[in-house]
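Structure first, then comments.
Position 1 is the first residue of the sequence; numbering continues from there.
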Amino acid sequence: MERGNIQLNDPERYSGNHDIPIEKIQTAINAATNKWLAKLDKFDNKFPTPASIDQKYILGDNNSWTQGMHTGATLLAYELTGNKKFLEHAMKQIPSYFKRFEEKANLWDHDIGFVYTPSVVALYKLTGDES
């Protein structure tokens with residue numbers, strides 16, 4: 001497959017200051033966190049797989065580099081909303097990270113930082129819980 005340079009039709013639109021009204025940002029945050037909250041119980045202690053099948057994500061164990069992103073997004077939703085359901089959900093997932101580390105399961109990936117930084121490290125920074 002041959003790759004060429006990307007040609008932007010209107011590169012000037014990406015230059016300069018682009019202020020977005022805070023109300024528009026807050027509306028987007030509310031829509032995203034409300035959708036996340038509505039689906040949270042579906043995940044229980046499972047994680048979405050790294051890739052979809054027929055545009056649907058299968059739930060599975062904490063065994064790939066993308067699982068940290070799920071917990072991290074949940075913690076970000078907690079930070080943005082203050083809704084403790086997000087924090088409680090993320091905390092339920094943390095034992096799977098310890099188990100994965102203790103069993104040395106799928107730690108070979110060069111993306112291991114994507115597993116632990118947005119999950120365990122972020123939770124520590126939010127709560128100060130060293131366990």
Side-chain angles (χ1 to χ4, degrees):
M1 182 166 119
E2 191 174 320
R3 294 180 187 223
N5 292 330
I6 296 173
Q7 181 68 38
L8 297 176
N9 294 329
D10 184 13
E12 290 77 28
R13 75 181 197 157
Y14 297 104
S15 63
N17 189 8
H18 297 283
D19 291 329
I20 301 172
I22 191 68
E23 296 81 18
K24 191 171 186 175
I25 294 170
Q26 193 60 54
T27 298
I29 288 170
N30 290 343
T33 55
N34 287 339
K35 188 171 187 175
W36 195 263
L37 186 61
K39 304 250 182 207
L40 208 55
D41 289 339
K42 174 183 174 183
F43 292 100
D44 193 30
N45 203 22
K46 295 290 183 183
F47 298 83
T49 54
S52 64
I53 299 172
D54 294 327
Q55 299 180 350
K56 293 188 181 190
Y57 287 89
I58 308 302
L59 297 181
D61 295 328
N62 184 346
N63 60 10
S64 182
W65 69 274
T66 59
Q67 277 71 36
M69 305 300 177
H70 176 79
T71 305
T74 304
L75 290 169
L76 181 57
Y78 167 67
E79 273 190 284
L80 291 168
T81 66
N83 187 329
K84 297 249 187 226
K85 287 183 180 182
F86 290 117
L87 179 61
E88 291 164 2
H89 178 77
M91 292 187 78
K92 282 196 279 185
Q93 293 182 325
I94 296 303
S96 71
Y97 291 96
F98 287 111
K99 179 180 180 200
R100 183 173 175 172
F101 182 76
E102 288 169 355
E103 293 177 358
K104 307 278 188 265
N106 297 308
L107 299 179
W108 45 264
D109 197 304
H110 69 277
D111 289 327
I112 199 66
F114 289 122
V115 174
Y116 288 93
T117 302
S119 59
V120 179
V121 174
L123 184 63
Y124 167 73
K125 287 182 176 184
L126 279 172
T127 66
D129 184 350
E130 294 183 6
S131 63

Is there a continuous path of hydrophobic side-chain contacts, each under 4.5 Å between heavy atoms, that joins [X] to [Y]?
X: Phe86; Y: Leu80; result: no
X: Val115; Y: Phe98; result: yes
X: Met69; Y: Phe43; result: no

Donor-acceptor contact present, side-chain [X] to main-chain [Y], <3.5 Å:
X: Arg100; Y: Ser64; result: yes
X: Glu102; Y: Lys99; result: no
X: Tyr116; Y: Tyr97; result: yes
X: Gln67; Y: Gly60; result: no

Using 0.5 Å steps for rounding, measure from the [atom1] atom of [X] to the [atom2] atom of [Y].
X: Ile25; Y: Asn30; atom1: CD1; atom2: CG; value: 12.0 Å
X: Leu87; Y: Lys92; atom1: CG; atom2: NZ; value: 11.5 Å
X: Ser96; Y: Asp61; atom1: OG; atom2: CG; value: 8.5 Å
X: Thr49; Y: Ile58; atom1: OG1; atom2: CD1; value: 6.0 Å
X: Leu123; Y: Ile94; atom1: CG; atom2: CD1; value: 5.0 Å
X: Lys84; Y: Met91; atom1: NZ; atom2: CE; value: 10.0 Å

Lys104 charged N/C atom sitting above Phe101 aromatic ring, 6.0 Å / 45°: yes

Shortest non-hydrogen contact from Ala122 toward Leu75: CB-CD1, 3.9 Å

Check whether any side-chain heavy atom of [X] lies under 4.5 Å from a side-chain heavy atom of [Y], and answer yes or no.
X: Pro50; Y: Tyr57; value: no
X: Asn62; Y: Gln93; value: no
X: Tyr78; Y: Leu126; value: yes

Neighbour count above 12 (heavy atom, 6.0 Å) for Asp111 CG: yes

Heavy atoms of other groups near Asp54 CG, more than 12 under 6.0 Å: no

For Asp19, side-chain hydrogen bond (donor to acceptor under 3.5 Å, both in side chains) partners two or more places apart: Asn17

Results of side-chain hydrogen bond (donor to acceptor under 3.5 Å, both in side chains) for Ser131 - residues two or more places apart only: Asp129

Ring centre gap for His89 and Trp36 strictly below 6.0 Å: no

Residue that, paired with Phe47, satisfies side chain to side chain contact (heavy atoms under 4.5 Å, CB included) out of Leu59, Thr71, Asn63: Thr71

